[in-house]
Structure formats: C-alpha cells, structure tokens
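In listed order, ligands and their atoms are each counted from 1.
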Amino acid sequence: MYNAKAYSAASATSPLASTTIARRDPAEHDVQIEILFCGICHSDLHSVRNEWSEFMPTNYPIVPGHEIVGRVTKTGSAVTKFTPGDLAAVGCLVDSDRNCPRCKAGLENFCPNLILTFNSPDTHLGGVTYGGYSDTIVVDEHFVLRVPPNLDLSGAAPLLCAGITTYSPMRHWGVTKGKKVGVIGLGGLGHMAVKFAHALGAHVVAFTTSPSKTGDALRLGAHEVVLSRNVDEIKKHTGSFDFILDAVSADHDINTYINLLAFDGTLTLVGAPAKPLGVAALGLIVGRRSVSGSIIGGIPETQEMLDFCGEHNITADVEVIPIQKVNEAYERLLKSDVKYRFSIDMASLKSE
Ligand SMILES: [Zn+2]
Ligand SMILES: [Zn+2]
C-alpha cells in the first residue's frame, strides 16, 4: 500500500479538495499508471453530489474520474500487455467477475458484478474504489487500454467515457458508409458522436437548440445542422434516418425524432433524463422503428474505438484546466459552459 495524492469530496455539499488516499501496490496482474489527464464527465458531478442516490448511493469521501490517460510506471510480474513507459488508459470499469456470459462476450460493461472505477466496492483494500482525480491508479491489466501515440493526451482522456458511449451504439446498430445518422444534443457526448459518424462514412445531421452551435457542428463533421425548434426544417427529414443518437439528458419530446426514422430505424438513448420520456406507440409501429439504450462499452470494443481514433486522429475538443479549478468547472458544466469537455492536467496536482 502507498499514499497517492487526490481530490475528493467529503459530502454531497462539500467542494472537492486536496487529500491523500491509499492505493494498493501492484500485484501480479496489475499495472500502475501515473495519471497525466483526466476528463470531467457529468456523472462525476452527479456522484459527488449524490444525485443518483436511489440506485447508486455515493460513499464518502469520493474521488471521481473515469476518463483516465497516463503512463505506466510499474507492472506486476505476470503483466504481458504493458511495460513501464507505455501510454495507458482506464475508463469506467476496473474489474468484473470475468466469468458471466457478458464478460465472456467482452461486454464487461453489462456484467452484473462489474466494479466501477470509483464508488464501487474495493475488493483489494476494502472501502470503495477511487477514480482518476489522482496522481496514480493501480488497475488489473485486463481493464487497461492502449493509447495510440499520435493522439493528443488531453483530448484522448474523454474518449474513455464520452467516446466509447457514442462509438459503441453506432457500431452495434451498423452505422457505415451510406447511412443517414442524426445526433441530438451537441455537448460532450454529441460532439463525439458527430465525429464518429462522420469518420464511419455516414451522412451526419446534427440537431441543436442553439443557433450559435451551427458553425461548430459543421466544423466537427456534420453535413447538415437542423435547429430543433424549427418544426418545418425538422419535418423535411421525416422517415429518412437509419440511426439517431439521442444524447440529451434534459426532458424532451422524442416522438419528434422517432418520426424522422426510416423503416427499421433505431433511436438510441445515451443521455438519462430524470423523468420518463413519453413514446407514442404509432410512431414505432409504423415502420417497425425501435427505441433503445446503450451504456459505455466492453473492453475489446473500447480498445477498438481507441485504435479507430488513432487511425482517424480523433480526440475530444477539450478545455484543459488545473485540478484547482475543478469546483469552478462543475458550476460551468451545469450551465453547459464548456466546449466540449474539461480535461484536468494532473501535473497541477504536484503542487498540492
Ligand atoms: Zn462518464
Ligand atoms: Zn461478468
């Protein structure tokens, strides 16, 4: 066991502050990583403030962060995938039972016994797992990803959650060249979805409520931008989409978008509005359309996504901040005042 520097919150109403946490010494299959950048995901904020208390109560103190990139500093004797000095990444998962049908299929993200990167039971040290707002982390090599060396590391960090969350459903529902893809909501998730859909060869239409985001949507790779309050503009796309990714976490009318799906088209939810969304059955029945959901991705697919990003030079658009600005960043996140993801430069933790 050794001490690591970190930022933690002591309660749902406390700000994040500098602290020291215990990390395990790397065992046989473990990789120790010096964290260089950690993205700020909206779920960090939900967990810190215990806003998901009904299904995932927060244990305090909490060290959030599951968009981690860094460099390997130590490896256990049985580690084969990494050597010290390698770039490495860790996403939302650090363990699972590795034995259930989901795990055997490489879908560890759907394992009933998955261990999340933070706020899950720590089977090694007791207590709960601590995330990436820290100088180091120790993770079993099965859950450590390789990072293509050409990627900017600050922008690569958000690929581990925002990236895989949007890449996985596009692969699952067959987004390829010639398909028409819609992306609703141009935030941390949506901006990645536009980049991926474009790189996969689809015709990409971005839906946004903000006219100010039109230029950005085109720059990110959208072929068309539709203002979602413009009913006439939306109606022109009726029955034409093979796939729509809905990345909106606020309450909204999804029937408008279901009606835009082509025969057999799918709308996939990756945002999680607090209130149930009403679905008009006729919109689904006519045209055998589907509404589905998706959450992050398994380890093999996360590696595939990172390799795809390496080939196409895809990273998130980030605003890099020192860890000392994290509480301010949370307030700005609540106002969607970021383009499009905060990435914490962990070198800033050294001065604490
Ligand atoms: Zn996340
Ligand atoms: Zn499993």
Side-chain angles (χ1 to χ4, degrees), residues 7 9 16 35 37-52 55-56 58 62-69 89-121 123 129-134 137 139-140 142-143 145 154-169 185 187-193 196 245 247-249 268-273 293-302 305-306 315-318 326 329-330 333-334 336 338 340-344:
Y7 256 54
L16 288 150
I35 301 174
F37 291 94
C38 184
I40 297 181
C41 174
H42 214 118
S43 54
D44 296 352
L45 190 155
H46 285 304
S47 300
V48 163
R49 300 190 176 175
N50 203 14
E51 288 167 355
W52 287 337
F55 69 104
M56 211 196 283
T58 302
I62 177 176
V63 177
H66 59 203
E67 297 184 332
I68 298 165
V69 294
V90 177
C92 305
L93 308 175
V94 290
D95 210 348
S96 67
D97 61 27
R98 306 196 213 180
N99 202 31
C100 74
R102 298 286 92 77
C103 285
K104 285 181 177 162
L107 297 168
E108 298 88 345
N109 52 318
F110 296 114
C111 174
N113 300 304
L114 62 85
I115 304 282
L116 297 169
T117 304
F118 61 86
N119 196 38
S120 267
T123 51
T129 52
Y130 293 133
Y133 296 9
S134 176
I137 192 166
V139 179
D140 186 294
H142 181 81
F143 292 86
L145 291 309
S154 62
L159 298 175
L160 279 302
C161 178
I164 188 62
T165 296
T166 50
Y167 179 86
S168 181
L189 295 176
H191 98 288
M192 286 311 309
F196 283 134
L245 191 94
V248 177
S249 49
T268 296
L269 302 166
V270 291
S294 187
I295 188 163
I296 49 174
I299 295 300
E301 194 174 54
T302 305
M305 179 272 308
L306 285 168
T315 52
D317 287 23
V318 292
V326 69
Y330 276 23
L333 195 58
L334 285 171
S336 303
V338 56
Y340 280 89
R341 205 73 156 171
F342 288 110
S343 185
I344 307 169

> What protein N/O/S atoms sit under 2.8 Å from the Zn ion (ligand 2), by chain and number?
Replying inline: D97 OD1, C100 SG, C103 SG, C111 SG
> Where do P169 and V270 come nearest, in terms of heavy atoms and distance?
Replying inline: CG-CG1, 4.2 Å
> Can you name the side chain to side chain contact (heavy atoms under 4.5 Å, CB included) partners of D317, sequence neighbours left out?
Replying inline: H191, K195, R219, L220, Y340
Nearest 0.5 Å please: distance from the [atom1] atom of [X] over to the [atom2] atom of [Y].
X: C100; Y: F110; atom1: SG; atom2: CZ; answer: 11.5 Å
X: Y167; Y: S294; atom1: OH; atom2: OG; answer: 13.0 Å
X: C92; Y: I164; atom1: SG; atom2: CD1; answer: 9.5 Å
X: I295; Y: S168; atom1: CD1; atom2: OG; answer: 10.5 Å
X: E67; Y: C38; atom1: CD; atom2: SG; answer: 7.0 Å

>> Quiz question: by atom type and distance under 3.5 Å, do the side chains of Y133 and D44 form a donor-acceptor pair?
In response: yes
> What are the protein N, O or S atoms, given as residue plus atom name, that sit under 2.8 Å from the Zn ion (ligand 1)?
Replying inline: C41 SG, H66 NE2, C161 SG
>> Suppose the criterion is salt bridge (Lys or Arg N to Asp or Glu O under 4.0 Å): which pairs have a residue in residues 100-114, not counting sequence neighbours?
In response: none
